[in-house]
Amino acid sequence: MKENQTELSGVVERIVFRNEDNGWTVLELESEQELHKVVGTLPTIQAGEQLRMVGEWVEHPKFGRQFRAQSCEHSLPADSDSVFRYLASGAIKGIGPATAAALVEKFGSDVLRIMEEEPEKLAQLRGITLARAQKIAQEYREQFGLREVILSFSRYGLTQAEALRCWKRWGPGTVERIKDNPYLLCASGLYIPFERADQICMSMDRPADDPRRLEAGILHVLRHNLGNGHTCLPVDKLLTAAQLLLGVEVELLQPVLEDMLRSFVVKQEMIGERPFIFLPHLYQAEKYAASRISLMTGFYTAITPTVENNLSVIEHKNGISYHAEQRKAILAAIEKGLLILTGGPGTGKTTTLRAIITLLEGLGERVAVAAPTGRAAKRMTELTGCEAKTIHRLLEVQWDDEDVQAFARNEKNPLDIDALILDEVSMVDSLLFESLLRALKPGCRLILVGDTDQLPAVGAGSVLHDLIGSGMLPVVELTEVFRQALESDIVANAHRIVSGEMPVLSKKDGDFFFLPHPSAADTAEMVRDLCIRRLPTTYGTSMLDGIQVLCPGRKGEIGTAALNALLQEAFNPPKEHKHEWTGEHGLLREGDKVMHIKNDYDITWTRDTGEMGSGVFNGDIGVLEEISVRDQTMKVRYEDRVALYTYDQAQELELAYAITVHKSQGSEFHTVILPLYRNQRLLCYRNLLYTAVTRAKTLLIVTGSRDTVEQMVENDRKTLRYTGLRHFLKEAGKVFS
């Protein structure tokens with residue numbers, strides 16, 4: 001037992017609340033003639049049971065002192081009163097208070113044994129048929145099947161929540177399955193890492209070269225590397241990584257991999273002269289995308305004089321003259337079924353897109369605009385005047401019981417559009433791209449817009465780079481930076497950074513400033529002073545309206561964790577009337593700036609106009625207005641709407657005074673503060689700096705070390721990603737040519 005833990009024993013008086021999905025329970029426990037509030041993941045506990053728990057006492061801001069249970073041993077009610085309380089609580093379907101009273105009166109405290117061993121005796125009571133008695137017994141056994149899983153798993157250090165997820169997956173045979181093959185715990189949706197499954201297996205004295213262990217290790221390496229952006233791995237690198245993980249010779253791994261290929265657990269593809277291994281769903285995703293793209297490149301529409309005339313009308317109406325590159329892109333979008341449009345800041349991508357949308361709509365085509373994130377979609381709506389949606393909302397995302405996403409829009413139910421413009425394609429991973437392509441009907445145009453110098457997608461794949469690198473798609477790159485854009489130091493310095501030149505850091509006016517500091521601590525203090533005093537005084541901006549701190553990473557004195565704590569304390573310190581809540585990502589307080597970190601289409605919101613809807617998206621930033629301890633809910637304001645969160649949904653919130661550059665992709669902020677001081681080596685590269693700089697719309701302040709800025713500019717390391725899309729595109733091109 002840990003130092004801050006203690007024990008609590010007693011009898012459950014009543015269940016106050018239970019979340020049936022995750023087992024989170026609030027109950028009242030009678031211990032030494034006192035009633036205590038207990039909270040924790042206790043999915044099987046019912047009234048009348050005797051509990052012995054290990055946990056800690058915590059002080060809830062509204063409900064006062066509570067015991068937070070971290071582990072629990074329980075025994076069935078022993079006396080008639082406890083048995084009645086247990087049965088009357090509804091613990092077993094088919095038994096209510098009246099039936100519970102009759103059963104206890106007839107069988108006394110022996111009724112639970114009878115349910116398990118002699119259920120036919122229950123039919124001695126009036127109103128209970130033999131069929132109903134058997135059904136009651138079945139319900140009782142299933143409930144205790146889950147208890148057996150929890151008890152068995154607790155010996156291996158697995159939590160009750162993890163046991164509940166496994167029970168929902170496999171039911172009564174769960175314990176036998178896991179004893180036979182502990183690596184089943186690594187299955188999708190269970191969220192139990194390989195290392196823990198491996199510890200369980202080793203505790204069973206299984207040999208280190210058990211083929212099931214070796215197979216699980218190979219799969220773990222492939223799954224782990226999805227997080228590094230790889231959709232596949234070369235065989236030699238895969239086996240080397242698996243050897244280091246498992247501590248066995250490569251010669252033992254090779255036959256296991258061959259068996260996995262024969263049974264289609266993994267897929268192999270020769271890329272060049274080198275064999276690569278894929279997880280099947282990534283193989284399918286990239287192969288399908290390649291074949292679909294190849295078909296789309298063969299779609300052409302003749303450019304008519306009407307289109308040329310309409311383009312001239314647009315120029316005259318808007319008082320502009322399109323540059324040759326822009327005109328080329330506009331006409332290519334009309335002529336071809338597929339187009340990639342790239343370009344940095346100030347090169348006229350937005351102006352070009354507006355013209356494309358106007359021309360397509362003039363031809364009677366239904367045009368949709370989408371982006372990977374909510375903030376990127378909102379920005380596209382503002383820039384183009386055409387309502388943009390997130391890709392997930394466009395495809396009508398759905399979630400199953402295991403939190404696995406699927407889309408209502410697919411080959412059988414395609415989008416009812418004639419053209420799709422997709423922005424920020426650099427953020428799109430291979431699986432999402434496949435889903436998008438499956439939802440496009442034959443003949444639908446696809447215009448992909450992105451900046452190849454931005455950071456790559458968080459998920460696996462390198463879609464934009466692979467599409468361009470294949471050489472098979474029409475690509476128009478806008479390179480001409482317009483004079484009015486170059487008047488911005490932010491734009492000018494962004495282009496210097498892309499070209500490998502140092503940004504101008506010496507200017508004392510304009511929209512790009514550099515404030516040098518000799519240490520990380522001084523840099524952090526400057527960030528605090530800028531946010532709390534200098535910028536609000538000089539520009540009238542605030543942490544909640546305009547200022548955004550962007551950090552290369554989460555760790556260190558100038559990482560998001562440290563700066564969020566510093567800025568929360570300075571901007572929104574604790575006060576007696578302010579409620580607080582501590583979740584998975586730390587403490588949140590009323591008045592805090594927060595970010596939603598996962599697309600959630602179930603969260604409801606109400607606009608200031610009274611309009612109601614649902615859906616909050618990854619990257620949305622708002623203000624935590626209210627924490628209702630009584631209702632266990634929160635209200636977060638996102639501009640003109642207020643979203644209502646349950647405490648469970650609030651696990652998707654974290655502080656947003658400072659966010660990572662990766663989280664800022666697709667967004668623009670009025671004022672960006674960028675602290676840079678001896679970044680971790682893996683976070684010191686050019687396209688991270690470029691992405692951060694291009695997030696600033698009006699004002700950018702870089703503070704910290706000039707040497708760090710220089711190191712980032714000089715490091716043009718492109719993150720290596722092993723993918724198959726480029727290869728599959730070339731192969732598909734041979735087939736369709």
Side-chain angles (χ1 to χ4, degrees), residues 455 489-490 492-494 496-539 541-543 546-573 593 655-664 669-696 698-717:
L455 290 170
D489 296 322
I490 295 172
N493 279 331
R496 290 189 182 98
I497 291 167
V498 165
S499 300
E501 302 173 24
M502 273 292 287
V504 176
L505 303 179
S506 56
K507 288 190 69 172
K508 302 301 180 186
D509 57 2
D511 57 11
F512 187 116
F513 296 92
F514 176 68
L515 304 176
H517 286 282
S519 70
D522 288 335
T523 301
E525 179 55 33
M526 173 53 71
V527 171
R528 190 196 68 79
D529 192 42
L530 285 166
C531 292
I532 305 303
R533 185 181 65 86
R534 294 173 64 166
L535 290 174
T537 300
T538 306
Y539 295 96
T541 52
S542 78
M543 289 300 302
I547 300 174
Q548 185 59 60
V549 180
L550 300 184
C551 304
R554 292 182 174 272
K555 299 178 181 178
E557 289 183 87
I558 57 168
T560 57
L563 288 181
N564 270 319
L566 179 71
L567 294 171
Q568 182 188 46
E569 181 66 25
F571 181 79
N572 188 33
K593 182 177 185 178
L655 289 175
Y657 299 106
I659 65 175
T660 63
V661 176
H662 281 84
K663 277 290 186 184
S664 74
F669 307 99
H670 180 278
T671 299
V672 167
I673 301 171
L674 179 61
L676 300 174
Y677 191 87
R678 296 182 182 175
N679 301 353
Q680 297 175 29
R681 184 179 60 85
L682 294 176
L683 297 173
C684 196
Y685 52 97
R686 187 185 298 172
N687 64 346
L688 188 142
L689 176 61
Y690 172 76
T691 300
V693 168
T694 53
R695 299 309 93 199
T698 305
L699 179 64
L700 174 69
I701 300 174
V702 180
T703 181
S705 163
R706 179 188 176 91
D707 289 345
T708 302
V709 177
E710 190 169 350
Q711 289 167 14
M712 295 180 79
V713 171
E714 290 176 352
N715 183 7
D716 192 25
R717 174 183 65 84

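Count residues from 1 along the sequence. In this text the structure is predicted, and so the values were computed from the model without any measurement.
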Check your understanding: Is any side-chain heavy atom of Tyr677 less than 4.5 Å from a side-chain heavy atom of His517?
Key -> no

Practice item. Decide yes or no for Leu699 and Leu535: does some side-chain heavy atom of the first lie under 4.5 Å from some side-chain heavy atom of the second? Key: yes

Review point. Which pair of heavy atoms, one from Cys551 and one from Ala658, lies closest together, and at what distance?
Key: SG-CB, 4.0 Å

**Study point:** Closest contact, heavy atoms only, Thr660 versus Gly553
**Key:** CG2-C, 4.1 Å

Check your understanding: Would you call Ile558 and Val527 a side-chain contact if the rule is heavy atoms closer than 4.5 Å?
Key -> no

Check your understanding: Closest approach of Thr523 and Gly704, non-hydrogen atoms and distance?
Key -> OG1-CA, 3.5 Å

Check your understanding: Under the 3.5 angstrom rule, does the side chain of Arg686 hit a backbone N or O of Val713 as a donor-acceptor pair?
Key -> yes

Review point. Counting N and O atoms only, with roles assigned by atom type, does the side chain of Thr703 sit under 3.5 Å from a partner on the main chain of Leu515, one being a donor and the other an acceptor?
Key: yes

Check your understanding: If you round to the nearest 0.5 Å, how far is CG of Asn687 from CG of Asp716?
Key -> 7.5 Å

Review point. Are any of the side-chain heavy atoms of Leu455 and Leu688 separated by less than 4.5 Å?
Key: yes

Exercise for review: To the nearest 0.5 Å, tell me how far Arg554 CZ sits from Ile659 CD1.
Suggested key: 10.0 Å

Practice item. Report yes if the side chains of Leu505 and Val702 come closer than 4.5 Å at any heavy-atom pair, otherwise no. Key: no

**Study point:** Heavy-atom check, side chain of Pro503 versus side chain of Phe514, under 4.5 Å
**Key:** no

Study note, to complete from the structure: What one should report as the nearest heavy-atom pair of Leu689 and Leu676 is CD1-CD1, 3.9 Å

Check your understanding: Within a reach of under 6.0 Å around CZ of Arg496, are more than 12 heavy atoms found that belong to other residues, nucleotides or ligands?
Key -> yes

Review point. Does anything in residues 497-508 pair up under side-chain hydrogen bond (donor to acceptor under 3.5 Å, both in side chains), and if so which pairs, sequence neighbours excluded?
Key: Asp489-Lys507

Point to revise | Arg528 side chain near Glu569 side chain, heavy-atom distance below 4.5 Å | key: no

Revision key, fill the gap. Exactly one of Asn572, Leu566, Val549 clears side chain to side chain contact (heavy atoms under 4.5 Å, CB included) with Tyr657, and that residue is Asn572

**Study point:** Distance (rounded to the nearest 0.5 Å) between Thr560 OG1 and His662 NE2
**Key:** 12.5 Å

**Study point:** Point-to-point distance, once rounded to the nearest 0.5 Å, from OG1 of Thr698 to CG of Asp511
**Key:** 8.0 Å

Check your understanding: Can you name the nearest heavy-atom pair linking Ala570 to Pro573, along with the distance?
Key -> O-CD, 4.2 Å

Review point. Mind checking whether Phe512 and Val693 have side chains closer than 4.5 Å, heavy atoms only?
Key: yes

Point to revise | Closest approach of Pro552 to Pro675 (non-hydrogen atoms, all atoms of both residues) | key: CD-O, 3.6 Å

Exercise for review: Measure the spacing between CD1 of Ile490 and CZ of Arg695 and express it to the nearest 0.5 Å.
Suggested key: 11.5 Å

Check your understanding: From Thr537 OG1 over to Asp529 CG, what is the distance, rounded to the nearest 0.5 angstrom?
Key -> 9.0 Å

Check your understanding: Taking the side chain from Asn679 and the backbone from Cys684, do they hold a donor-acceptor pair closer than 3.5 Å?
Key -> no

Check your understanding: Would a distance-only check, ignoring hydrogens and angles, find a side-chain to backbone donor-acceptor pair under 3.5 Å from Gln548 to Ala656?
Key -> yes

